[in-house]
There are 2 protein chains.
Amino acid sequence: MVNGQPQRGPTIYDVARAAGVAPSTVSRAFSRPGRVNAETAERIRAVAEELGYRANPLARALPTGRTALLALVISDVTNPFFFDIIRGAEEAASKAGYTLLVADAHESATAERETLERMITLVEGVVLATSRMSDSAIRVIAKQRPTVVLNRALTDVPSVLTDNARGMRRAVEHLAELGHHTITYVAGPEASWADGMRWRSLHDGAYELELRSRRIGPFPPTVRGGRLAAIELAAHPTSAVVCYNDLIAIGVVRGLTELGARVPAEVSVIGFDNIFGSDFCSPPLTTVAAPLRALGDQSIKRLLAQLRNSAPTESRPTMLPAQLVVRESTARPGRRRKAWTRAAAVGAAALSSADQPSKRSPTAASAATSPGTRARTPE
Amino acid sequence: MVNGQPQRGPTIYDVARAAGVAPSTVSRAFSRPGRVNAETAERIRAVAEELGYRANPLARALPTGRTALLALVISDVTNPFFFDIIRGAEEAASKAGYTLLVADAHESATAERETLERMITLVEGVVLATSRMSDSAIRVIAKQRPTVVLNRALTDVPSVLTDNARGMRRAVEHLAELGHHTITYVAGPEASWADGMRWRSLHDGAYELELRSRRIGPFPPTVRGGRLAAIELAAHPTSAVVCYNDLIAIGVVRGLTELGARVPAEVSVIGFDNIFGSDFCSPPLTTVAAPLRALGDQSIKRLLAQLRNSAPTESRPTMLPAQLVVRESTARPGRRRKAWTRAAAVGAAALSSADQPSKRSPTAASAATSPGTRARTPE
DNA sequence: CAAGTCATGGCAACCGCTTGTCATGAACGG
DNA sequence: CCGTTCATGACAAGCGGTTGCCATGACTTG
């Protein structure tokens, strides 16, 4: 395009003139089905088509406030956790005739607020996925536009949650069954509501099953954060680790491996969310799968319900089930536990020995065997 | 919030009344710095602050056309390829005071066109990343709004590209150095411009280095697509495979492994893009790294330049360098090539034997060893 | 046949901000 | 002392739709 100004197309006035009716009639022909004589409407539609008329969403939104835009604020685009959430949300939104504005908060409450500030006036509703903002900041938002929070509970603000408690419970049971006695929780961001929830559930579950639990962290919810955690883990070894999320878990596995610990032979690691990549990392991660797509879908649906009813429909949180996916990062505890800790204590980048493939029974039917793999790390 | 209608805040009229000036003066106090007496402006600003006045972007955009919105259309949110592109783009956009609208085309030209249709009137400019639309469809878009295409060349439409040719050349050289004689290219979507480009470069490079090349596909650019490709590869074995992208490469590796072929001992696999996950899959992928972040950043910058100059500034494509990242999915060709093909021919889900860890020299200094890993696949 | 209904289309007033144009008066120069 | 110039602020016309209300005329009904 040549000129800088956005091109303006034909307006209802042009259509009206061409069709020999009033602009208001053109408007109604489109937005108010029965309000206009069928034949007239048809004629108008034909003329509009011919002229290439396209309603200007801005102009429409100005008097009505209906922008047909919904915002989905996520804490980090770079986190695969949000893939399917976005997908689910996008689908639900566009099916309802809305366009989704995806905004990234860069894991920062400030950035989140600023971004929100910028687009709140533009959208009809907001989904805050894994928000890093304070409760009160969220309430400020909720006062301006219908709001739904994802993976966070907040009185008076509708929310959709994963059943972390049950998921975590299953993870703990799994480890208990394998024979572990102590579980270490690798914590994620302090600002994360889910993090507190998960830790509490682990703690309670462990208590009931008579296991010991401890917690380290917080760590950034990234692969890098997980590797940091691995170093700390090396200092105080356990046989079983549950991580805030898969990203951390992947980092932990890699970090431990580099430090010479074998996963799962010496340390079992469980992640959370079942993100893209958790099945093809090495070893494939045992993880508590979040219903990602459904989370996105449901949060938009709740938002739409609110938009329609013009009142926060019953504010009980929507609770979606989690599911333990057992892969190959967990096994019964071995005994060579001290070996790698010492190695780690000595130096950094490991000089371990573990060479024979781990022996554990595959959890599912199919059982092809793959060659070993090295753990070099070109970060 | 209680009422359904988006809340309307104070307007310039309210501010004007409270400050005892005309609305136009309030408007200018904000948008036209020197146009209003400094003291008056200060007073207005104070009153506005006190009233909590926030300019309504819609109302502002209506007469001016300046929505401060930019669209980034990507072919699939679920593809990690776009992570850092989005990041880079988002950053560049918000630094320039624009908000980025990220839209997903679901790998479909139709969906892409529809989405675009819906938001083109809303945005000031468009970046088409890895578009699946036809050239002519893109030109139609470009006629309506300033447009930049990413990873695609198109006369008259500014573009930013990765130097695929050179990257592919490096990949081919790498395989040649290792001693491979034939290279199979696993093709991605036919609608992808980059796909054609990559294949051509591979073909040419192979020719010059006196290797043989062939091509299979197209396959969907997903892990799943890669596994499909693996089956086809099993029918016509080669020692070296270059894939359209990392996702396919990961799928190929997994598929081959399940079929009983050892990677890289029997088959070397190279991916493209260096996406999230390509470093922690098993084995870590040798890949041609695209400058993802820079791609996002540069495409927005070009778009902004166009927006400012109100004319497509010099239309030479911006070319960004690619880089071969050698990890562990490539090695010199082995001889047991026939083994896995037969196995594959026999049945599907593999029953291979390969058990001893592969032996190859790590490419970099550090060299910790990890235990073997199973290839079960809970898809 | 008069009065009441109803379907249909037009008029005009917004929505909130931008901006071209003009009025006003102070400062300034000759 | 008068005519210019300039800074400042107000007026009002849009931008492109939406929508409440009214006018018109056809049709129904008693």
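Side-chain atoms of B/Arg139 never come within 3.5 Å of backbone atoms of B/Val157 as a donor-acceptor pair (strictly under, hydrogens ignored). The closest donor-acceptor contact from the side chain of B/Arg43 to the backbone of B/Ala19 lies under 3.5 Å. When atom types are taken as modelled, the side chain of B/Glu124 and the backbone of B/Leu70 share no donor-acceptor pair closer than 3.5 angstrom. Distance alone, capped at 3.5 Å, is enough to place a donor-acceptor pair between the B/Arg145 side chain and the B/Val123 backbone.
Axis angle between the ends of the helix from C/dC1-D/dG30 to C/dG30-D/dC1, five pairs each and rounded to 10 degrees, works out to 50°.
At a non-hydrogen distance threshold of 4.0 Å, nothing from residues 39-47 of chain B comes into contact with DNA chain C.
B/Val127 has its side chain within reach of B/Ile300: a pair of non-hydrogen atoms, C-beta onward, lies under 4.5 Å apart.
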Every protein N/O lying under 3.5 Å from an N/O of nucleotides 5-7 of chain C:
none

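Distance CG (A/Leu122) to P (C/dC17): 14 Å, rounded to an integer number of Å. Put simply, CZ on B/Arg66 is 13 Å from C1' on C/dT18, counting in whole angstrom units.
Among residues two or more places apart in sequence or in another chain, the side-chain contact (heavy atoms from CB on, under 4.5 Å) test is passed with A/Arg87 by A/Asp84, A/Arg293, B/Asp76, B/Val77, B/Thr78, B/Asp104, B/His106. The side-chain contact (heavy atoms from CB on, under 4.5 Å) check on A/Gln298 picks up A/Val160, A/Thr318, A/Leu320, with sequence neighbours excluded.
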Worksheet item: Tell me, for nucleotides 13-20 of chain D in 5' to 3' order, what letter each nucleotide earns: B for a base near a protein heavy atom under 4.0 Å, S for only sugar-phosphate near one, - for neither?
Response: -BBBBBBB
Item to complete: With side chain to side chain contact (heavy atoms under 4.5 Å, CB included) as the test, would you mind laying out the steps for A/Leu69 and B/Leu101 before giving the verdict?
Response: CA-CA 10 Å; A/Leu69 249 33; B/Leu101 227 69; 5.5 Å; no
Practice prompt. Show the numbers, then the answer: is there a side chain to side chain contact (heavy atoms under 4.5 Å, CB included) between B/Arg308 and B/Leu304?
Written response: CA-CA 6 Å; B/Arg308 273 192 283 273; B/Leu304 291 172; 3.9 Å; yes
Item to complete: Take A/Phe83 and B/Phe82 through the test ring-ring contact (aromatic ring centres under 6.0 Å, His included) and record every step on the way to the result.
Response: CA-CA 11 Å; A/Phe83 278 12; B/Phe82 294 107; over 10 Å; no
Discussion item. For a side chain to side chain contact (heavy atoms under 4.5 Å, CB included) check, start with the C-alpha distance between B/Val140 and B/Met133, then their side-chain angles and the critical distance, and finish with the verdict.
Written reply: CA-CA 11 Å; B/Val140 169; B/Met133 296 193 301; over 6 Å; no
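Closest heavy-atom contact between B/Ile74 and B/Ile86: CD1-CD1, 4.0 Å.
Defined by atom type and a distance below 3.5 Å, a donor-acceptor pair is missing between the side-chain atoms of B/Arg45 and B/Tyr53.
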